[in-house]
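Computed from a predicted model, the values in this text were never measured in an experiment.
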Amino acid sequence: MKNYKTIILSNQEISPGYYRMRILAPEYNKLAKPGQFVMFRVQRSLPPLLRRPFGIFCTGYAAPDCDGMPEKEFIEIIYKVVGSGTEIMQELHQGDRVELLGPLGRGFDLGDPEEEKILVGGGIGLVPLYMLAERMVANSKVRLLMGGRTRDDIITVTEFERLGVETYVSTEDGSLGEEGLVTQVLERKLAKYPKASVYACGPMPMIDAVQKICATRNTPLQVSLEALMACGVGACLGCVVKGAGHTDENPQYLCTCKQGPVFLAEQLDWSRLEKQQGNCGGCS
Amino acid sequence: MKNYKTIILSNQEISPGYYRMRILAPEYNKLAKPGQFVMFRVQRSLPPLLRRPFGIFCTGYAAPDCDGMPEKEFIEIIYKVVGSGTEIMQELHQGDRVELLGPLGRGFDLGDPEEEKILVGGGIGLVPLYMLAERMVANSKVRLLMGGRTRDDIITVTEFERLGVETYVSTEDGSLGEEGLVTQVLERKLAKYPKASVYACGPMPMIDAVQKICATRNTPLQVSLEALMACGVGACLGCVVKGAGHTDENPQYLCTCKQGPVFLAEQLDWSRLEKQQGNCGGCS
Amino acid sequence: MSELRGTAVKLAHPKLAVEVAGLKFKNPVMPASGTFGYGEEYAPYLDLNKLGAIVTKGLSLNPKAGNATPRICETVSGMLNAIGLQNIGIDAFIEHKIPFLAQYNSPVIVNFFGNTLEEYVEVATRLEDVPGVAGLEMNISCPNVKHGGIVFGTEASAAHEVVSQVRKKTQKPLIVKLTPNVTDIRVTAKAVEDAGADAISLINTLTGMAVDVKTRKPRLANTIGGLSGPAIRPIAVRLVHQVVQAVEVPVIGIGGISRAIDALEFLIVGAKAVQVGTANFVDPNVMETIIDGLEEFCQNEGIEDINELIGTLEV
Amino acid sequence: MSELRGTAVKLAHPKLAVEVAGLKFKNPVMPASGTFGYGEEYAPYLDLNKLGAIVTKGLSLNPKAGNATPRICETVSGMLNAIGLQNIGIDAFIEHKIPFLAQYNSPVIVNFFGNTLEEYVEVATRLEDVPGVAGLEMNISCPNVKHGGIVFGTEASAAHEVVSQVRKKTQKPLIVKLTPNVTDIRVTAKAVEDAGADAISLINTLTGMAVDVKTRKPRLANTIGGLSGPAIRPIAVRLVHQVVQAVEVPVIGIGGISRAIDALEFLIVGAKAVQVGTANFVDPNVMETIIDGLEEFCQNEGIEDINELIGTLEV
Ligand SMILES: Cc1cc2nc3c(=O)[nH]c(=O)nc-3n(C[C@H](O)[C@H](O)[C@H](O)COP(=O)(O)OP(=O)(O)OC[C@H]3O[C@@H](n4cnc5c(N)ncnc54)[C@H](O)[C@@H]3O)c2cc1C
Ligand SMILES: Cc1cc2nc3c(=O)[nH]c(=O)nc-3n(C[C@H](O)[C@H](O)[C@H](O)COP(=O)(O)OP(=O)(O)OC[C@H]3O[C@@H](n4cnc5c(N)ncnc54)[C@H](O)[C@@H]3O)c2cc1C
Ligand SMILES: Cc1cc2nc3c(=O)[nH]c(=O)nc-3n(C[C@H](O)[C@H](O)[C@H](O)COP(=O)(O)O)c2cc1C
Ligand SMILES: Cc1cc2nc3c(=O)[nH]c(=O)nc-3n(C[C@H](O)[C@H](O)[C@H](O)COP(=O)(O)O)c2cc1C
Ligand code: FES
Ligand code: FES
């Protein structure tokens, strides 16, 4: 867990409204675990006031600028432009100064290498699944179901394919892959590979549907959630979700930033899981 | 008086901490009078909240980007980096979108062409004197006394010389021209050209001293003042100075933005003229 | 979907007109007192006929000089002002400014205040028969001047008294403008409603202060001033929400509005109209942009009449 | 000049230590309750020994679940929160958190509240003999929970009563934290001083609200929340200024501090120390930066002891 003042190495649009940003981040190759995230400070001046949370897409090493210098460790994030902060982010360039707090949170449990894995990613929810797949492919069979509204929302297929992950694409409008929801693909795959465990990240309605499917089949499920966050370190208690033991009399809240963002499905109270990823908007 | 959404044509450092910015500004060649100013909106996002006032240094025409397009009318401002707004301004580039309200305020009265003119400019106070000199040189003898703390504060000598203005430079530390205050030069010149009228712009202590000198000699004086401004159009009443008729019982306030920024010395209450150009700082 | 919105669903011209205390506004957007001069200052930049109404700088019985300078100071996403209610006085206003404003068809609302109860009554009385004055906005809330109304605005009984007295003298629509600097604004709101206010507007500025750490002096000559601008909007929205719940009379929302989306927050919590203050300084054309933005929002959301939107907060 | 400052005049180490209510702080900077967890959350980013003090999340007699979500929302240069005082309860705190905090030499100030007068008294009583608790900060001002103290904080007599009762049960330095949501904060400040408070801290958050115009729902599940961050600083500075004038006991300034220059405003108007809240979320290291900035400011201004600066406002 580091708090770096650092710089951007690159920032490119990879699909309409989706950007991939590489940020100089020493030690992250060692520190970062699949499913963890960073709190990203867009600029020193206001707005935005608060940092924005983003999943770590991958880590890596880049060639130094000059022989004799150490290699540059970096992370990459992939973000969708949705509001005031990401609008500013898309304008950032190589060399711009930013601040990075992380890696934060509890990542995925890699599970039993023997078991088959099905990863389910909706839109930008793909991001934290890449490092997960990276760690898994050596020992496990990994299938990735990618869903999106249109083909613009389907990103980084190449990257996953290169890892040796079998990818299945579906879009709501049929503009790429199968027409329909990613959950219908999931049902088919689970029928075929009933022993697989599932790892999901995406919009709340998708997560909800995935949970229902897995619950009826007793399929082990890990989900990565989003929540409005102020601190990212467990201090503000702004990002909580209701835990499985939650009752009105004996409420139990879990911090998405610290006890999550990845939860085992059984840790959560699904009957009450609120839509938390609603953006806060209008804050510029 | 226009409210333009426009772009920057260039923005260059001309002396340490001083920048010259050219802004696309249709009609300004016709509209702008010497001594007028603009309210400049640094960026659409906050901060800064309020526009910043800057004197118009000059107007002109630049070649169009493509044959067949009309020439580009522009204004230039010269600004010193002093606080949150100007710090952002120095980072702006050609093509950046800004907003420009103006030309605003009452400019200089060109006076009797027969008379000799002495212009007194302290540091950034030179800015509004350039267009004034431009209009005057054809018919009058114009001398410019430029003062600054160090040689870095002496700017645009070349531009004035090219107009045919006789320039006299003084710096407090003697690093350029005569060592000392510009007011000591003024006293000498007035002794030599006792019929001259004086036009002054600069920091308040300089303006105050110039006024004293001119008052004892009955020399006609026009001064351009600075004041904290919110609106620039006479609506907020934030920018007032005390008028000559001001008494505690019967107070008289003049708007620097609308009745000024140029005042005839006799319009103002010099005994009470407060230092208004103190910056507001700390607002980032 | 988006094509649908673009063509079929999009309403050619949603109705933006609202009515407050018998005053008919073309749309719910008008300037906040003291940020728009007497109207003429902004006439070069903005078609005054486009506005829901024109609200004047606060006027008093006699001309008022205002405070010493510096009077303003920028703060984080806001500004402090201690203008001190400088104005030309009610008679000069009637003589010199009304004729200009009479050229426009937007209703003119005269904002006024008094140093004493008698002055409030006197100003209202003088305005009673002035044609071209569509309504009055009574400022019982200016934080800048000791006797500029702070006493009236922060004590429910004083507020009740001064509004009652003014009410007796005027048939014109009477809007009372409240200060946010109170423990429970519902109490003052109810008091002025009881006293006969036709509408309530809020908020006036929040009292604030800034210090120059180098000189160790307050940045305002008056030490304390009124905070306005985007920074205060969440406080204003909350107060408007509370007042709307507490009173029957229509409410005009004010505070930190600089975009259509900001105005919408106030309308949704139940304000019938909004006033735009500090944002005029930043962009003299901002009210037109806001009006256009409201229209566009209604189009996109399929709202035929903006009144359908007012008070639709889902709690 | 600048060379002179760089060498001769520059003081090697200006004294930054201050004393408040018998508590000795290495420097005047400490976290604001609820923005720093129980300390351990920020330990990886900041040396807790560098802080003037450590102030905990607000604690109650029993664990408290807090409000439904969403609980936070960004606003212009600020944020709204309605956490609802979620906390682990005083016993769990004593058992699990005190041992961690005891590792550090910065005094620990426990922020607490009660739903009833009896709860306030009970919490203070339980803390009385706990070693490692240097002082208490009594929150009579949280705007989020109906019975979370708002009644006590906005009524002088209630504030006086609850502070008097707690005072009887504790010998520890007792800081009382005030709400800004009142008409005249000097009244509550004097009431709690009379009741035996050793110091006063302010401000807690201002109540505010934001609306999602698309869904027409409040952005917070609780509808209303507390506004904090840079946006509120001018209001906080004004209130601290007023309280410093009104009472004898030392005052701790809070509200929108994110830079040394912000902290200096509060010190100059007379706060003996400051608390940093929302800024911790933005930069976990911000308090160290502020402390360094205070030192540098004193060096540049030739101030040997920061106490020389406190209360030097020139009006
Ligand atoms: C653990 C975690 C990992 C995430 N990973 C990614 C990722 O890899 N790629 C990506 O594009 N997005 C990701 N998000 C969502 C991302 O944080 C938001 O899209 C982003 O904060 C929006 O900021 P904005 O200023 O553009 O939007 P605005 O709506 O202007 O933001 C206003 C406020 O709401 C918050 N907010 C808005 N939307 C969300 C959201 N969906 N989740 C959490 N907070 C939100 C912002 O952080 C900010 O505080 C992640 C969120 C979390 C919690
Ligand atoms: C009529 C007029 C003409 C001017 N012409 C020029 C010029 O040609 N070149 C130039 O460099 N400067 C000029 N100034 C001063 C210029 O406006 C300020 O230097 C600038 O606003 C500082 O902005 P900032 O954000 O960098 O400083 P900050 O201190 O961060 O500004 C904070 C607030 O104080 C105001 N402010 C600060 N200093 C001044 C000042 N000296 N005068 C008025 N307002 C101030 C700002 O406008 C802003 O509202 C002029 C001022 C006026 C009134
Ligand atoms: C410079 C200035 C002058 C003001 N003068 C008055 C006034 O004369 N009468 C009044 O009722 N309110 C006055 N106000 C308050 C505004 O009308 C408005 O209530 C307040 O600024 C909040 O709105 P805003 O955030 O949109 O500016 C003034 C505000 C400013 C900034
Ligand atoms: C998320 C959050 C939680 C808070 N919790 C508490 C609390 O438990 N007890 C308390 O006295 N104040 C609490 N506060 C108020 C802060 O301590 C502080 O008074 C306020 O935020 C203003 O300071 P700031 O602008 O620096 O944040 C909380 C503030 C925030 C933002
Ligand atoms: S974001 Fe602050 S506790 Fe999780
Ligand atoms: S700046 Fe507003 S009146 Fe002059």
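Ranked by heavy-atom pairs under 4.5 Å with chain C, the first of Leu239(D), Leu80(D), Val211(D), Leu309(D) is Val211(D). Listed options Val237(D), Leu313(D), Leu264(D) were ranked by heavy-atom pairs under 4.5 angstrom with chain C; first place goes to Leu313(D). The candidate with the highest count of non-hydrogen atom pairs below 4.5 Å against chain C, out of Ile235(D), Val213(D), Thr215(D), is Val213(D). With respect to chain C, the highest number of heavy-atom pairs below 4.5 Å among Pro218(D), Ala210(D), Ala236(D) belongs to Pro218(D).
For Phe297(D), the part lying under 4.5 angstrom from a heavy atom of chain C is the side chain only. If you measure heavy-atom distances from Leu227(C) to chain D, the contacts under 4.5 Å come from the side chain alone. Looking at Thr223(C), the atoms closer than 4.5 Å to chain D (heavy atoms on both sides) all sit in the side chain, from C-beta outward. For Ile268(C), the part lying under 4.5 angstrom from a heavy atom of chain D is the side chain only. Using a 4.5 Å cut-off between heavy atoms, Val240(D) does not touch chain C at all.
Val251(D) has its side chain within reach of Val247(D): a pair of non-hydrogen atoms, C-beta onward, lies under 4.5 Å apart. Side-chain atoms of Ile72(D) and Ile83(D), non-hydrogen and from C-beta on, do get closer than 4.5 Å to each other.
Here the rule is side chain to side chain donor-acceptor pair (under 3.5 Å) with Ser228(C), and of Thr75(C), Thr205(C), Thr278(C), Asn204(C) only Thr278(C) fits it. Of the residues Arg233(C), His241(C), Arg259(C), the one that meets the side chain to side chain donor-acceptor pair (under 3.5 Å) test with Glu265(C) is Arg233(C).
Within the 3.5 Å criterion, the main-chain N or O of Gly52(C) finds a donor-acceptor partner in the side chain of Asn27(C). No donor-acceptor pair under 3.5 Å is formed between the side chain of Arg216(D) and the backbone N or O of Thr312(C). A donor-acceptor contact shorter than 3.5 Å is absent between the side chain of Arg186(C) and the backbone of Ala246(C).
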